[in-house]
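This one's a predicted model, so the numbers in the text were calculated from it and none came from an experiment. Lettering follows sequence order; numbering is per chain, from 1. Just so it is clear, the values below take in all heavy atoms, side chains as well, and ignore hydrogens, waters and symmetry mates.
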Amino acid sequence: MSSLLFATPKDLTSWLAKLASDHRVLAPRQEGPSVVYRPRTAEQLASDDIDALLRRATASPKQAMLPQCETLMTFKSVKDAEDPSKLTTTLENPCVAEPTVLFGCRPCDARGFVVLDRPYLEGKFKDPYYGARREATVIVTQACPSAFSSCFCNWVGSHPSDKEGSDILFTAVEGGFVLEVVTEKGQALLEGADFADASDRAADVEAVHEAAAATLPSPSTLTDVPAKVAARFTDIAFWEKETVKCLSCGACTYLCPTCQCFTITDEGSQLDGRRLRSWDSCMTPLFTLETSGHNPRPTKAERMRNRISHKFSFYPERYDGFFSCVGCGRCVVSCPVSLDIRHMVKAAVEGVVLDAGKSGEPAEVPASEKAEEKAPVEEVKAPAEVAVPEAPTAVPTEPVEAVPAESVEAAAAEVVPVEPVEAAASAAAPAQATPASRTQKSAGRTTSRSSSKSKAKKR
Amino acid sequence: MSVLAGKELRIVGFLCNWCSYGGADTAGTARAVQPTDLRIIRVPCSGRVNPLFVLKALINGADGVLVSGCHPRDCHYSAGNYYARRRLELLKEFLPVIGINPDRFEYTWVSASEGQRWKDVVTNFTNRIHALGPAPRWEDVPARYDRPEELIESIRPLGCGEHPALPELRQAVKDALAEGLEGVLGWKKGFDAVHAEPVFMTTPEEVDSLIWGPFNVHNLAVYLPQYKGRKIGVVVKGCDSKGVVELLAENLISREDVKIFGMGCNGTVSLPRILAKLPEGVKIESCTGRGNKITVTAGGQDYEMTMAEVAQDKCRLCTKPNAVLSDVFVGTPTTEPAAPADGRLPGLRFLDSLSLEERMGYWKGQMERCIACHACRGACPMCVCRDYCVSDTRDPAWVTQEDTVQQKLFFQLIHAQHLAGRCTGCTECERACPMDIPVFALKQQFGRMIQKIFSYGAGLDVNATPPLLTYQVEEPTIKEHDLA
Amino acid sequence: MKIGVFVCHCGSNIEATVDTATVAKIALTYPDVVFSEDTMYTCSEPGQENIVQAIKKHGLDGVVVASCSPRMHEPTFRRTVERAGLNRYMFEMANIREHVSWIGRDREANTNKAAELVRLAVEKLRRNAPLYAKQFDVTKRVLVIGGGVAGIQAALDAAESGIGVVMVERESTIGGKMAKLDKTFPTIDCSSCVLAPKMVDVAQNPNITLYAHSEVESISGFVGNFTVKIRKRATYVDWDKCTGCGTCTEKCPTKNVPDAFNEDISTCRAINIPFPQAIPKKATINPDYCRKIKEGKCGVCAKVCPTGAIVYDMVDEIVEEKVGAIIAATGYDLVDWTVYKEYGGGTYPDVITSLQYERMMSASGPTAGHIHRPSDGMEPKNIVFIQCVGSRDCSIGRPYCSGFCCMYTAKQAIMTKDHLPDAEAFVFYMDIRAPGKMYDEFTRRAQEEYGVQYIRGRVSAIQPTVRPDGRVGYIVRGADTLLGESVEVDADMVVLAVGVEGSKGAGNLAEKLRISYDHYGFFMESHVKLRPVETNTAGVYLAGVCQGPKDIPASVAQGSAAAAKVMALFSKPKLENDPQVSVVDIKRCVACGKCIQVCPYQAIEEVEIRGQKKAHVIETVCQGCGVCTATCPQGAIQVAHFTDNQLLAEVNALCLS
Amino acid sequence: MKYAYYPGCSGHGTSVEYEASTRAVCRALNMDLVEIEDWNCCGSTPAHSVSHELSAALSARNLMQASKTGADCVISPCPSCSSNLKMARYRMQKPAFKARVDELLDAPTPANAEGGADLMETCSVLQAIVENVGLENIASRVSYPLEGIKVVTYYGCLLSRPVQVAKFDDPENPVSLDNIMKALGAEVLPFALKTECCGAAMGIPDVNIPGSLSGRILDTAKAVGAEAVITACPLCHMNLDLRQRQAARISGKPFFGLPVFYYTQMIALAFGLPKDAMRLDKLAVNPYPLLDKIAERRKVRVSAELEAMKAAGAAS
């Protein structure tokens, strides 16, 4: 077993304060009712009281690896003295990541980065910006003491003390914290932190983890989720009914640790500007609005269908059955109209019969078969009883006939190349860098942010 | 390009082509010497000046902005300056809330023949700006994150028990469905005991899930524009009904499409205030309400709290708990208290107590954690542009993708300006914000200034016209800003 | 995009305090500027030719000229760039003369400011788009509102050139105020002798359709395509049958109707023909006095009418006419002088207005030209004329001079001496204004030849007294500023030269025409000096006193001028609109209707495109004010040449340095 | 309604009858008069012809004293006093002028938002009666109507002028006294010289001036058939009543014999107030022949009415 170390709250904050001298230490901070990750200075860390650092953040720590708005490159043009119409343009690519310690995120957040790694780092093109930050960041995760009512990490193959994605996992026990090193990066970070050995506290840690697991909702009984969600794709009436109350605002996608879409725009002026990458949301109409004005996903139903299908069908299809959802429940908690992704997935899956060839579904459903063959039998963490999660409120539910709980955690399948710059579902905005190249016609012209082609033509 | 360091300040002028630009020409022909700071942007009419141009200039570092048009009655386009007068007077009253000194913006009327007067206008305004000095820059102002949690004393009794007339309401909705309504918007229980969620009830069974209590926080009027042309019903609290009335007043929905069900509202709760009373992340099992006491059982324990501790701020000062307009009103209406002397919500009260510079720091601190998800726009019943918001396009390019405080705050200014005279105060924008940013304060500032100048409240009369979409030739409550 | 910048010296006007060479050099550093130079006189012939050559040589797409005010030379340079093959809207000006060089001596600050203004012009130009005027056809008919001398002249000139004319006159006869006059100055020729032939021409001209006793109900549409609704007010006499024989006017038993044509100094019958030379010479029943209409009794006129033309239950009728242009010639009304209590405020019977006196002197008037006092019919011995009653008087809000009262008072004084050789005429005046040809000589004649006594001073009060012979007299107390004394005249009759204002109802007619008007009811001309007969609304012209106080020759001249403008408008086969109008991007429009609500010209309508409601701009009605663009929440409607992006570019150029 | 009362200097001297009748009438119309304590001269012609600041200071002090009474308006019978009080308030709206006046006073006057003086409302007793009490109240209290005697009303120059300061009745053709007299049952003849000058204080340097001016007024009044002249100003009353013989002599006319009453005396008469409320004995021109005529007519009317009642009673 990896070594266990014990640290009192004081040790922990002083260790972090020491790290702050040569690292960017991101830790949760209370601002009004919400909790956000903020870079903390040594003095602030030393003086912070520990439970502020242990609060769960309202937004995910995705900012650490994928900032909401980052400069991909800057460009400056200088006009040629003799022939002013000639420009000599110089590009700069400030792709540098400072060493960072991400403290206090939760196992689902850490696992979120694993989900992001696949599209950004696996395949032919590695995203240099994301990669650099991923490399430079050490993730110190806190095991969840208890699940929120909105949590469902066990539905997506995780649990409150899941170590995947973390470099160090610490658990709050009586009198302090037990740190468990998971990776070399974690080990390296702990150099010089003379924490006492805590192997004798293993039992306490196990107890906390068990207690946390107990607060989880009953495990999902849904099977073949990717295939069934894919099958539900054509049933637009279903999506319309489910999204009646959705305001299509996009808050869920910006809070989600695994939403990975972005848009690229050029800001500044022709002679001195920046190319920015910033988060985009498939829930906003602009995401797919085409230059012609046509929008393949005009209503919130199609957009929600895309959001659910991407997380529970397209992504698993491409990445061996892994869901692009870590069950953190942020989208449920912060949705203005409390739209619950669990109900939606459950409703989408239920009632879909998958026997090949008969029910008009596509005979060959690649994703699910691939998931069954490859699924190594792994010790199933969640308790086996099959009762459908009894929603705490008076929603009428009848028990589903017993189906063996199936873990969808499959080994890494052969990777399909992903071209990082042209990310899966997003589209780069037209390069506004050369406004001169765009003469504004008087009627009927619109360049919206998500038209697919970039029109940066340099004369 | 920049001003002459040390000598000039950045003063931007918007002059109407027919009168004031001509007046500036006449001053030039008369060789009337003036300070050079002012840079003039020509516009066809003072009515063309969107207040957002002024805000854009002031937010991005202008030290002073001057707008000048034709004298009332002289407008080349007969009414352009009447609209400008209302919008710019309101803007001037709005500026202090975001920490901008209203003296940095002025609007006046100068005709093409008044060269001498134009010289005095420019000289006096430039001297006034130099006296104020360079405007504080958003980059330099220290951010502050304090925002005291103030529980306003409620002017009416707040309750949360089961509403006696709920069965009657359900029956009324069922009857309406039977008569052929496509569906009725209402609320039902959410994913846990302290959440409700909107529901579009189409079958009697669904109507049985209709609830009426402190968790009905959503303003269902926000869904109505999407159902244009289809016969539907909507269950409304008092504040929601004002949203419906405003949509009708601006004929964004038609009266015969909507059947309105009202019932006396006893106040709704603020979720963050409830969660603050429970240990973080505890699993919520159940919640019951009786009189004004709410009991939440979570993690096996009971937590007692009163409505006075957890009610939403707007409910504490609510003077319209019963639907302002309804086809079916069920049960006995709640007693309507007289309007409170001070209708400001905590956001605005705290802002009023700060100095101008401190307010900039306040907004800088709050907007820093904005993730520009635009849930505030999504939840707003009056935001009918929905998929074509002006902040989501490059034509026109009001907002860029940079996540600086100025850009994010500018979106809020666009939202507030578009709601001036239309916002019914349902504060859904503030409730929907996942990062709990007090965005309603900006709308309430516009609201109270409109009340002061035009003694007009939105959402009360289906035949009313929002004040900024009309004008009076003689404005009794707007006095001339004479710089000369 | 390739932009050329031309910085003008304007001789020394700019060069004196702005270093134009430096400005030109700085301009080269701006985005897309590929050519810039400073020139002596850019607006001169060689200067313009220089621009044309530069465009051709460098293949420029757009030109910025930094010189004087665009209000001065924008049209000039637009034609220049058009000559060089560019669209005239790919051009911007930076005003570095009136707004920079002429108002400051600090050369460094001026140069820096000029460079910044050029930057603004460049940034705007980079977002300009070529704009193309649209053509639309014209209804070659003109509506003339008002049948006074100005309206008659305009109608006759227009009809002369083949244009169809629709004339609408509120009274039951055309002729306006001039028809009420006995003689006209300065030649004292008989007013109806010169006017009546023109009135007959109007009646007989095939091109003119006359609607008398009618009013304009509503006007919609735009220049070239106005739709006018005319309300033909009920005359209770079928004018097709009525021959104007006048039998009914003799037999009608109701005799106490105040005769409006004679300014109420006499009464007439309930059915009446205003005056012998009336055009159309038709009878009209006054419903407020006719016993048949009011109480259902009488009916004498119907019995005696040879052609059975009387229709007691006649109702108003609305007629629609399509016209391409409108001439407003609605004339004037006298100011309500009864506010002057010191002159009796209308309670003294022998204190009358000049128009009433004119009717008294007119042969076709109630006293057949004999001057009798209204109170007791006595031939007055002393007649006092008071000038400037309700003119040049701020206390009653009429500060302006009404222009022609001095002249007609001189004429009335002369005519008084003609009618009553032994009468004495006194004229209290402040300043005699006789600016026309033979005008001053005329007033001089009144004083010298006819012995009219001109007293320079204001009259402070008119006080009735009882004379020894029991007759009522009026002590007119005034001052004689030339002698420095106060003066009293024991007058028998007082004639007030009452000032003029816009005719009654001019205000709401202006609103129907969508032209502006001032506090006194006069319509606002487009430019007080250079475009007196045009208005700011395309296709609407003015003639006569409705635009401001003026005498008959000036009114007639304006009538012809307005007609000439209409002829010029109709001379082209098609009309072109100003392309600087709003355009709706139907993808972004959500039909919230705000633009329609605020448009001052109702130039935006709601249309259905592929099942969706959208806003649509009528190019020819839109005047390009941009209020809609400032109102549209999603920026879906943009006024060309002043779009949000163009103005934002200028704001950002200044603020986001 | 409560008023601060400024009697004015003539009230205790030449126009005692005006003072007495004003107080009696106000009491009858329950206008509660509280005389200003330690009031001083209102800054009349001798003051304002020398220095406007002096005149304003005098009036301002009166207004300050008046504010101590707790009433919200100062009224004065004499047109000259109320005009000076109004003029002081009007002129002191300009901060510069107020500052100069404040220098003359023991304590500066309070300032309003625009920096002008914030002093009590003020108007003439006539204005208070016409505007606050109203003609109906007067008419309802008349018990001895004036039996249609022919009177002319003489306003003098100050009651409704200058327009922007007085803000009462019409400057050229005032009708407030006419209406009151009609309400009392008198017949008011149209009179063109209502506001012509009576000669005011010019009698002191040159007796011919009021003589000729007042003479003309009285002569015209006689000519139009007036039986009495009604006025509201002590100075006009002096020129028309006290100097009536002198005016006749100077203007070469027979003695007019026209009694000149204060309107308050007429009201007192019509209300049937006691003798000492009218002090008719103070009038120079003997009013009693006219009063007897009124009484005569009254007798005739009353007996005629009795007859008519008897006849009607008998008939039914």
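Interface remark: of the candidates N95(C), N110(C), N13(C), N95(C) forms the most heavy-atom pairs closer than 4.5 Å to chain B. Counting heavy-atom pairs closer than 4.5 Å to chain C, the top-ranked of the candidates A57(B), P35(B), A79(B) is A57(B). With chain B as the partner, the residue from P600(C), P70(C), C68(C) showing the most heavy-atom pairs under 4.5 Å is P70(C). Counting heavy-atom pairs closer than 4.5 Å to chain C, the top residue among R87(B), E8(B), K7(B) is R87(B). Counting heavy-atom pairs closer than 4.5 Å to chain C, the top residue among R386(B), Q417(B), R422(B) is R422(B). Between chain C and the options A32(B), G61(B), G80(B), the largest number of non-hydrogen pairs under 4.5 Å is found for A32(B).
Judged by distance alone, with hydrogens and angles left aside, the side-chain atoms of R10(B) form a donor-acceptor pair with the main-chain N or O of L654(C) at under 3.5 Å. Remark: the backbone N or O of Y388(B) is paired with a side-chain donor or acceptor of R588(C) at under 3.5 angstrom. The backbone N or O of F642(C) lies less than 3.5 Å from a partner atom in the side chain of R48(B), making a donor-acceptor pair. Counting only distance, with no hydrogens or angles, the side chain of N645(C) and the backbone of A397(B) share a donor-acceptor pair below 3.5 Å.
Only the side chain of R105(C) comes within less than 4.5 Å of a heavy atom of chain B; its backbone N, CA, C and O stay farther away. For a residue to count as touching a neighbouring chain, one of its non-hydrogen atoms must lie under 4.5 Å from one of that chain's; by this rule Y21(B) touches chain C with backbone and side chain alike. Residue contact with chain B, scored on non-hydrogen atoms closer than 4.5 Å, involves the side chain of D106(C) exclusively. For H641(C), no part lies near chain B; criterion is any non-hydrogen pair under 4.5 Å. Contact of L120(C) with chain B is made through the side chain alone, with heavy-atom distances under 4.5 Å. Proximity to chain B is limited to the side chain of V590(C), based on heavy atoms less than 4.5 angstrom apart. For E108(C), the parts lying under 4.5 angstrom from a heavy atom of chain B are both the backbone and the side chain. Contacts between A30(B) and chain C at a heavy-atom distance below 4.5 Å are absent for every atom of the residue. There is no contact between V100(C) and chain B, counting heavy-atom distances below 4.5 Å.
For the pair K56(B) and N652(C), the minimum side-chain heavy-atom distance is below 4.5 Å. In this structure the side chain of T631(C) reaches within 4.5 angstrom of the side chain of L469(B), judged on heavy atoms. Between C385(B) and P633(C) there is a side-chain heavy-atom pair separated by less than 4.5 Å.
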Derivation and outcome, side chain to side chain contact (heavy atoms under 4.5 Å, CB included), residues I41(B) and K124(C): CA-CA 10 Å; I41(B) 295 177; K124(C) 178 158 188 310; over 6 Å; no

Chi angles and distances behind the side chain to side chain contact (heavy atoms under 4.5 Å, CB included) call for I40(B), L117(C): CA-CA 8 Å; I40(B) 290 175; L117(C) 293 183; 5.7 Å; no

Candidate pair V598(C) and Y82(B), rule side chain to side chain contact (heavy atoms under 4.5 Å, CB included), full reasoning: CA-CA 11 Å; V598(C) 296; Y82(B) 296 144; over 6 Å; no

Pair E98(C)-T29(B), side chain to side chain contact (heavy atoms under 4.5 Å, CB included): steps then yes or no: CA-CA 6 Å; E98(C) 284 85 344; T29(B) 327; 4.3 Å; yes

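Annotation for G635(C) and V390(B): closest pair N-CG2, 4.1 Å, computed over non-hydrogen atoms. Nearest heavy atoms, H99(C) versus A24(B): NE2-CB, 3.3 Å. Contact detail for P396(B) and D644(C): the closest heavy-atom pair is CB-CB, 3.3 Å. Closest heavy-atom contact between L38(B) and K113(C): O-NZ, 2.7 Å. For the residue pair N17(B) and R71(C), the shortest heavy atom distance occurs at O-NH1, 2.7 Å. G624(C) and Y77(B) make their closest contact through O-OH, 3.9 Å (heavy atoms, listed as atom of the first residue, atom of the second, distance).
Distance CH2/W18(B) to OG/S526(C): 7.5 Å, rounded to 0.5 Å. Atom CD1 of I59(B) is separated from atom CG of L656(C) by 11.5 Å, given to the nearest 0.5 angstrom. Atom CD of Q638(C) sits about 6.5 Å away from atom CG of D395(B), to the nearest 0.5 Å. Distance check: I103(C) CD1 to T36(B) OG1 gives 8.0 Å after rounding to the nearest 0.5 Å. The line from SG of C632(C) to NE2 of H418(B) is 8.0 Å long, rounded to the nearest 0.5 Å. Summarising the geometry, atom CG belonging to L247(B) is positioned 12.0 Å from atom SG belonging to C592(C); distances are rounded to the nearest 0.5 Å.
Looking at R42(B) and E92(C), no side-chain N of the basic residue comes within less than 4.0 Å of a carboxylate O on the acidic one, giving no salt bridge. A salt bridge links E250(B) with K594(C): at least one charged nitrogen is closer than 4.0 Å to a carboxylate oxygen.
Counting heavy atoms of neighbouring residues, nucleotides and ligands inside a 6.0 Å radius, atom NZ of K613(C) does not exceed 12 of them. Heavy-atom contacts from other residues, nucleotides or ligands closer than 6.0 Å to NZ of K512(C) number more than 12.
Across E650(C), E116(C), R119(C), a single residue satisfies side chain to side chain contact (heavy atoms under 4.5 Å, CB included) together with R39(B), and that is E116(C).
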